[in-house]
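The structure under discussion appears below in the form of structure tokens.
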4 protein chains.
Amino acid sequence: MTDKRSAKAAGRTEAIMRTTLELGQEIGYAKLSIEAVAARAGVGKHTIYRRWPSKGALFLDSLLSLNRPGLDYPDTGDVVADLREQIHMAIDLLDRPPLGPLYRALIGEALLNPQVAAALNDHFITPQAEMTVARLKAARDQGQLSPDFDLDLAMGILSGPLYFRALIIQEPLTHEYVDRVIEALFAGMGPRR
Amino acid sequence: MTDKRSAKAAGRTEAIMRTTLELGQEIGYAKLSIEAVAARAGVGKHTIYRRWPSKGALFLDSLLSLNRPGLDYPDTGDVVADLREQIHMAIDLLDRPPLGPLYRALIGEALLNPQVAAALNDHFITPQAEMTVARLKAARDQGQLSPDFDLDLAMGILSGPLYFRALIIQEPLTHEYVDRVIEALFAGMGPRR
Amino acid sequence: MTDKRSAKAAGRTEAIMRTTLELGQEIGYAKLSIEAVAARAGVGKHTIYRRWPSKGALFLDSLLSLNRPGLDYPDTGDVVADLREQIHMAIDLLDRPPLGPLYRALIGEALLNPQVAAALNDHFITPQAEMTVARLKAARDQGQLSPDFDLDLAMGILSGPLYFRALIIQEPLTHEYVDRVIEALFAGMGPRR
Amino acid sequence: MTDKRSAKAAGRTEAIMRTTLELGQEIGYAKLSIEAVAARAGVGKHTIYRRWPSKGALFLDSLLSLNRPGLDYPDTGDVVADLREQIHMAIDLLDRPPLGPLYRALIGEALLNPQVAAALNDHFITPQAEMTVARLKAARDQGQLSPDFDLDLAMGILSGPLYFRALIIQEPLTHEYVDRVIEALFAGMGPRR
DNA sequence: CGCTAATCGAGACGGTACGTCCAGTCTTACG
DNA sequence: CGTAAGACTGGACGTACCGTCTCGATTAGCG
């Protein structure tokens, strides 16, 4: 039975993060200000600064507090099908409203602020990547992939094109594009197989 | 015969961009301010706002004014060798100091500011991608690649992992990693070749 | 012919001082804030900080911008009558609303802030005292006072009890009290006249 | 026999006041904060607020806790000598470090805060004035002063110039100046006795 | 002597204002 | 006319204290 103090503080923390997401959706991350979050949440600015060192850190935590569900990787025995399934879900969540624009802004902030980059990696990118790697490793262990299969490289070839298309080219991701990437990853693209 | 006025204006424009890069290297893009650039360049703020609508736009132009050299794609007849050559040069330029951190910040800004994103795409990303696509197309036309070779997909699989590693994972790129990506692109990664 | 820039700036300066006095009368000096003055005057905070280093300095200037009138000393030939006349006017102005409470607060601020104290002395207290001393000196030169009459001491004995009563004892000043002080100054209070 | 509770509480009260004076001397009254006093004294803020309603009240009490000694008026039979003696002592205490600056600040606070003004009057100014008045009254009763001698007026003429010089003009007080005021009080300053 | 109540240190909290920085606009004076 | 200089409004920054409010953890006399 946790103490009442924690209960109250946790409630406030949660309220701040909820308000951050709300405001973030309304006006966008770039125009978001700690001042406005504090005002909307009915909270003193210090209460926010006590918990997070910067707007980016607050925003990161707020986003991470959402996407706990659905991270788990299926393992049906068919590694290709599992990858498709999981990546389809991931892009449906991260590349579409309401989360898509916020996640894009979060990565933008990470590129400007090393602290945020480090936290983002530790709390989201790396765990996510490790799940993919783990699933691939299981497949390799089961003999579905060659013994010298390069797990990290495969992970990069799976994720990279999607991030590139979503963030750099700024075109929406489709399940079809994911499938083509997966296909290419395993089959290669010639010349002359 | 261009008038002297233009000459003077162009000189000023160049001076502003040079100062922007200087300051950007000293204090980082995030802490850069138009105020500071104007002061350092000995220029009125208005003179900057007359030329660029935002810090991001100024920064983009400043960076683009640098890397004109070396964009050209070689065509030795060996598409794999040419890709390696060109991509090695590209990452040497864009993923290492002094340009690396600035380019990273520029992409961060683009993710927060759609105008900058559009301009960055128009003036750098797309032209660069098109050169890769053009080189691949030439190879396809010469029969080195299968007729249904998906040019855009290949370009995404070449660039994506590099951007992913550099920007998201934030690990430095190596020639060896580039080579492994190229290898995988054409050969595929199993299962069972 | 003064330039237009000064005209505009001067107008703003005056508006700020007027607002300061308004707010000062409404909520009192202690609760006055630069923030509130700026908001009410429709002016950026920086515009105030550019002109005055502190709330006290702003308040001092604002008050001094008012009481230019009526400082002049009469000289009817009768030094006692002239002192009465002038001092009555002074206390009517400085010890009664609307100025009284503000002047009291100004002196309070001066006691807490040496910069304000110095400015107050230079711009009000000393000039005022010098006028009294000058009137006394004229009287001495005309033989109405003894040649070794101590001008500064007399000025202190005239002003001191009034300030003491107004500020320390905090009882209102009356013309009658002024008259008794003047009477005592010249006649002495015994023992044995 | 007072209870032990009081003993401990009194110790804490005393510690707070001691800390207040310490900090007041180090950084000045203006920069003093209840927060800082509490931290330095190792005491919760509440413990201070439970005892004093404001910074000014705390400071007043802290100062008053010091100058218990030396308030007593001598009565040697010679009223002039006694006044000199007592006033010399008073200015030596109140117009010189370490107490001088603090006393000055206290009066400044009183001018900004009516509650402090009232408390200062009740606990220091009035008792002190009454002692002077009492000593003068004794002299009058003994026939050393004329029967219609105005006691309050005399007190004002004694104290006023000293406060005026110390607080308004901000020049240090000297025994010699005190003597000249006393001399003028009794003898008057002309014109033509 | 043990128990209820007060007091305490610590410090979180909502709030106000601070003094600074910069954005983006506007004005003036120079060349 | 374009410019350097810089004043201007406005908004947010991150900090400092205010005075209030829990928290447990000591004490306190009272039963």
Assuming nearest nucleotide by heavy-atom distance, tell me which of A38(D) and K31(C) is located more 5' along DNA chain E. A38(D)

Y49(D) side-chain proximity, nearest of dC13(E), dA4(F), dG19(F): dG19(F)

Tell me: CD1 of I48(C) to C1' of dG10(F), nearest whole Å? 13 Å

H46(C) NE2 to dG24(E) P, straight-line distance once rounded to whole Å: 17 Å

Between C1' on dC22(E) and OH on Y29(B), what's the gap in Å once rounded to a whole number? 14 Å

By nearest nucleotide on DNA chain F, pick out whichever of E35(C) and R50(C) is the more 5' one. R50(C)

On DNA chain E, check which nucleotide each of L32(B) and K45(A) is closest to and give me the residue with the more 5' one. K45(A)

Nearest whole Å is fine: how far is dC17(F) C1' from L23(D) CG? 14 Å

Here the distance between atom P of dA7(F) and atom CD1 of I16(C), to the nearest Å, is 14 Å

Specify the separation, in whole Å, of atom CZ of R12(C) and atom C1' of dC26(E). 10 Å

Once you round it to whole Å, what is the distance between C1' of dT9(F) and CZ of R40(C)? 18 Å

In whole angstrom, what separates I27(A)'s CD1 from dG11(F)'s P? 13 Å

Backbone N/O of A38(C) and side chain of K45(C): donor-acceptor pair under 3.5 Å: no

Can you tell me how the ring of Y103(A) sits relative to the ring of F124(A), calling it parallel under 30°, perpendicular over 60° and tilted otherwise? perpendicular

Distance only, no hydrogens: is a donor on one side chain within 3.5 Å (strictly under) of an acceptor on the other, for T47(B) and R12(B)? no

Contact class for T47(C) vs. all strands (heavy atom < 4.0 Å): base, sugar-phosphate, or nothing? base

Value rounded to 0.5 Å, distance of CG in L106(C) from OH in Y29(C): 7.5 Å

Please tell me which of R51(C) and A39(B) maps to the more 5' nucleotide of DNA chain F, matching each residue to the nucleotide holding its nearest heavy atom. A39(B)

Between dG14(E), dA23(E), dC13(F), which nucleotide gets closest to the side-chain atoms of I34(B)? dA23(E)

Hey, is R18(B) close enough to E14(B) for a salt bridge, meaning N to O under 4.0 Å? yes

